[in-house]
Amino acid sequence: MTESVSSAKRFQQKVIAVVRTIPCGKVTTYGAIALALGAPRQARRVGNALAGLGTGHDVPAHRVVNRSGVLTGAHAFGPPGVMQALLDAEGVHFLEDGRVDMAQHFWEPHSPS
DNA sequence: AGTTTGACAGTAT
DNA sequence: GATACTGCCAAAC
């Protein structure tokens, strides 16, 4: 089935595949995902792909933060604080800066192959 | 068809 | 160490 799909859509599917493998209580970065997909420096597209998911997916997108540990995509989860609450419920610890403790919860994804 | 924006990251100052 | 600038590429306007 060689269906013609937009490259963005295909990229999105690959992103989803990786994000779904993120273990509970762990977080990763956009750049790490992009690198695992074989698209280094394309971190922006990873975020853009997740932004297109919207609601009704089984993807733990709340476990994806930027390199600084900031929840840059919190706005996509509706009311502010929801993304933080989801992570906190999974045992993720936050710094006083409101950032995720990357040194403790960073998890590096692998290629979905 | 050109410009702007975006759930980022790396390098330079 | 913090701030500024640039690179990347696609979707939206």
Side-chain angles (χ1 to χ4, degrees):
Chain A
M1 337 121 54
T2 54
E3 300 300 321
S4 302
V5 292
S6 299
S7 59
K9 187 72 174 186
R10 191 170 67 237
F11 189 86
Q12 182 183 51
Q13 295 300 324
K14 294 175 72 175
V15 171
I16 292 171
V18 174
V19 174
R20 290 191 60 176
T21 62
I22 304 175
C24 182
K26 291 291 180 181
V27 298
T28 189
T29 69
Y30 302 96
I33 294 172
L35 192 66
L37 294 178
R41 274 72 127 134
Q42 311 309 54
R44 244 167 160 159
R45 271 193 260 169
V46 176
N48 203 36
L50 292 176
L53 289 178
T55 52
H57 56 61
D58 295 337
V59 183
H62 57 271
R63 294 176 189 154
V64 184
V65 299
N66 71 351
R67 221 222 179 283
S68 304
V70 180
L71 282 53
T72 50
H75 67 86
F77 291 82
V82 173
M83 184 175 181
Q84 194 273 347
L86 288 170
L87 291 170
D88 184 63
E90 293 183 351
V92 177
H93 181 247
F94 285 80
L95 302 176
E96 292 186 14
D97 296 349
R99 314 182 319 172
V100 177
D101 189 344
M102 299 302 287
Q104 183 178 345
H105 298 287
F106 177 73
W107 177 84
E108 183 166 357
H110 57 86
S111 186
S113 65

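Only this structure's heavy atoms are used, side chains among them; waters, hydrogens and symmetry mates stay out. Just so it is clear, the structure is predicted and the values come from calculations on it, not from any experiment.
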How far apart are the closest heavy atoms of [X] and [Y], and which atoms are they?
X: A/P112; Y: A/A36; answer: CD-O, 4.1 Å
X: A/N66; Y: A/Y30; answer: N-CE1, 3.4 Å
X: A/F77; Y: A/L86; answer: CD2-CD1, 4.1 Å

Quick one, which residues of residues 84-92 of chain A touch DNA chain B with a heavy atom under 4.0 Å?
none
Per-nt protein contacts along nucleotides 6-13 of chain B (heavy atom under 4.0 Å; B base, S backbone sugar-phosphate only, - none) come out as BBBSS---
For A/I33 and C/dC8, what is the distance between atoms CD1 and P respectively, to the nearest whole Å?
21 Å
Atom pair CD/CG of A/Q42 and A/L35 - distance to nearest 0.5 Å
10.5 Å
Contact check, side chains of [X] and [Y], non-hydrogen atoms, under 4.5 Å:
X: A/Q12; Y: A/V15; result: no
X: A/V100; Y: A/F94; result: yes
X: A/C24; Y: A/R63; result: yes

Between the protein and nucleotides 2-4 of chain B, list the N/O to N/O atom pairs that are separated by less than 3.5 angstrom.
none

Same cluster (ILVMFWY, side-chain, under 4.5 Å), A/L50 and A/L37
yes
Is the number of heavy atoms from other residues, nucleotides or ligands under 6.0 Å of A/E108 CD greater than 12?
no
I'd like to know whether NE2 of A/H57 has more than 12 heavy-atom contacts from other residues, nucleotides or ligands below 6.0 angstrom.
yes
Short side-chain N/O contact to C/dC9 OP1/OP2 from A/Q42, under 4.0 Å
yes
